[in-house]
There are 2 protein chains.
Amino acid sequence: MRDTRAELLMQAETLVRGRGYAGFSYADLAAAVGIRKASIHHHFPTKIDLGAALVAAYAARYAAALEAIRRDVPDGPGRVEAYGRLYLGGVEQGLGCLCAALAIEGEALPERLRRDIAAFFADHLAWLEAILREGQADGSVRGGADPAALARYVVATLEGALLMERLFASPAAFRGTLAVLVDGLRPQ
Amino acid sequence: MRDTRAELLMQAETLVRGRGYAGFSYADLAAAVGIRKASIHHHFPTKIDLGAALVAAYAARYAAALEAIRRDVPDGPGRVEAYGRLYLGGVEQGLGCLCAALAIEGEALPERLRRDIAAFFADHLAWLEAILREGQADGSVRGGADPAALARYVVATLEGALLMERLFASPAAFRGTLAVLVDGLRPQ
DNA sequence: GATTGTCTACCATTAAGTAGGTAGATTGCT
DNA sequence: AGCAATCTACCTACTTAATGGTAGACAATC
């Protein structure tokens, strides 16, 4: 027995991250999974339901990764670097961030999805703020700067680097930007 | 006589930056301009033609702004800050970057548009690299770092900040990220 | 008189979503 | 254990609306 729902989520994520939310259709997804278009509606009645499930699964994966980083990496810069490497996979596979793909649609995006991706970013910001605050406390991160502002700056840099370096298909350049970012966080 | 072509470009830019390239249609544009759908095809035979014209106009506006900044602002950090303020308008108006909106579509984007937006980013990177190199030479920018890598990092940070802070409708947060970015470029 | 800009009216294709049905597994009841 | 009811997951066939794009007519203008 193959888990069709999981397969749908996986292929849909690849499609959205590769071409945007408005840029893929149930027909595309049906072809990718090898199922009929109508059968998708059995699992995800509307495209909005599918989008929301996509964001939920994506956010859950990230949440687990963030927890693992906090557990396994001791210092602030090391944690931010590990966080940045989560984005690197996207550059290597030619896939953007799911939530960036949705965020681009802006006003056209169903309210529910807009809320969900805002929560996604808010979660990352809260995690980073805590990480940076801890780093400042233990001296691994340069003091003086507001951790909340620093967190926004970190997410922005990585989201932007993923967006641009995917276009240029340049993981090396992404690594370079990550290095500049992390170096700037260390105490001088 | 109203310049319909210019009006089409203006409204189309707002639509693409607000909802993405796949997220707007000729019907939307026709309604926005107050013209019939078929008339748009007279000015821009295909959607790709329109997209290319959009990128060309957008790139030309940026090119003029970059030249003005180089002329009017003397030091490296000041120039980068002025560059960053070009993005701020987008956050304030709730509009993303045109080229980011196109870049998200990735593999689904017509090859021609992909080339055009790659050139857009390459132009900015070259300008910034020169600006940063000059800044290092005159001592206004911290030395040691590779200007090309630094340029990629600057564009990434601003593109990412525009993407995220538009979602949060927070020009203040964008300003905060810009401040962190520019401060990090100054010599310690 | 040719070109420019707009129109109405259309086309083929694709979009998301629905209706209704079928085969097979699971469940509850006697 | 036997059996009917239900549920799950899929199907074909369809609807309605929207998509990008075309054909050809009509005025105004150069």
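Here is the naming used below: chain letters follow the sequence lines, and residue numbers restart at 1 for every chain.
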*Pairs involving residues 149-179 of chain A, ordered by first then second residue, that meet ring-ring contact (aromatic ring centres under 6.0 Å, His included) (sequence neighbours left out)*: none
*Write out all pairs satisfying ring-ring contact (aromatic ring centres under 6.0 Å, His included) with one or both partners inside residues 68-101 of chain B, taking only residues at least two apart or from two chains.*
B:Tyr83-B:Tyr87, B:Tyr83-B:His124, B:Tyr83-B:Trp127
Calculate the interatomic distance between [X] atom [atom1] and [N] atom [atom2]; express it in whole Å.
| X | N | atom1 | atom2 | answer |
| --- | --- | --- | --- | --- |
| B:Asp3 | C:dT4 | CG | P | 15 Å |
| A:Ile40 | D:dT12 | CD1 | P | 13 Å |
| A:Lys37 | C:dT13 | NZ | P | 16 Å |
| A:Arg36 | D:dC14 | CZ | P | 15 Å |

*Residues of residues 41-50 of chain A with any non-hydrogen atom less than 4.0 angstrom from an atom of DNA chain C: list those, numerically ordered, please.*
A:His41, A:Thr46, A:Lys47
*Hey, can you pull the residues of residues 100-115 of chain B with a non-hydrogen atom under 4.0 angstrom from DNA chain C?*
none
*Taking OP1 and OP2 of C:dG5, is either one under 4.0 Å from a side-chain nitrogen or oxygen of B:Thr4?*
no
*Is there a side-chain polar atom (N or O) of A:Ser39 under 4.0 Å from OP1 or OP2 of D:dA9?*
no
*Can the ring centroids of B:Tyr62 and B:Phe120 be said to lie less than 6.0 angstrom from one another?*
yes
*asked:* Any side-chain to backbone donor/acceptor pair from A:Arg19 onto B:Gly106? Under 3.5 Å, distance only.
replied: no
*Which of residues 18-29 of chain B have a heavy atom under 4.0 Å from DNA chain D?*
B:Phe24, B:Ser25, B:Tyr26, B:Ala27
*B:Ala38 has a side chain; which of D:dA23, C:dT6, C:dG17 sits nearest to it?*
D:dA23
*asked:* Taking side chain to side chain contact (heavy atoms under 4.5 Å, CB included) as the definition, give me every residue that meets it alongside B:Ala12, ordered by chain and number, with sequence neighbours left out.
replied: B:Leu29, B:Leu50, B:Leu54
*Who passes side chain to side chain contact (heavy atoms under 4.5 Å, CB included) against B:Asp183, sequence neighbours left out?*
B:Arg186
Under the salt bridge (charged side-chain N to carboxylate O under 4.0 Å, His left out) test, which residues partner [X], sequence neighbours left out?
| X | value |
| --- | --- |
| A:Arg166 | none |
| B:Glu165 | A:Arg152 |
| B:Arg112 | B:Asp49 |

*What pairs of residues pass the salt bridge (charged side-chain N to carboxylate O under 4.0 Å, His left out) test when at least one of them lies in residues 139-151 of chain A, not counting sequence neighbours?*
none
*asked:* Going by the rule side chain to side chain donor-acceptor pair (under 3.5 Å), which residues pair with A:Ser39 if we only count those two or more places apart in sequence or in a different chain?
replied: none
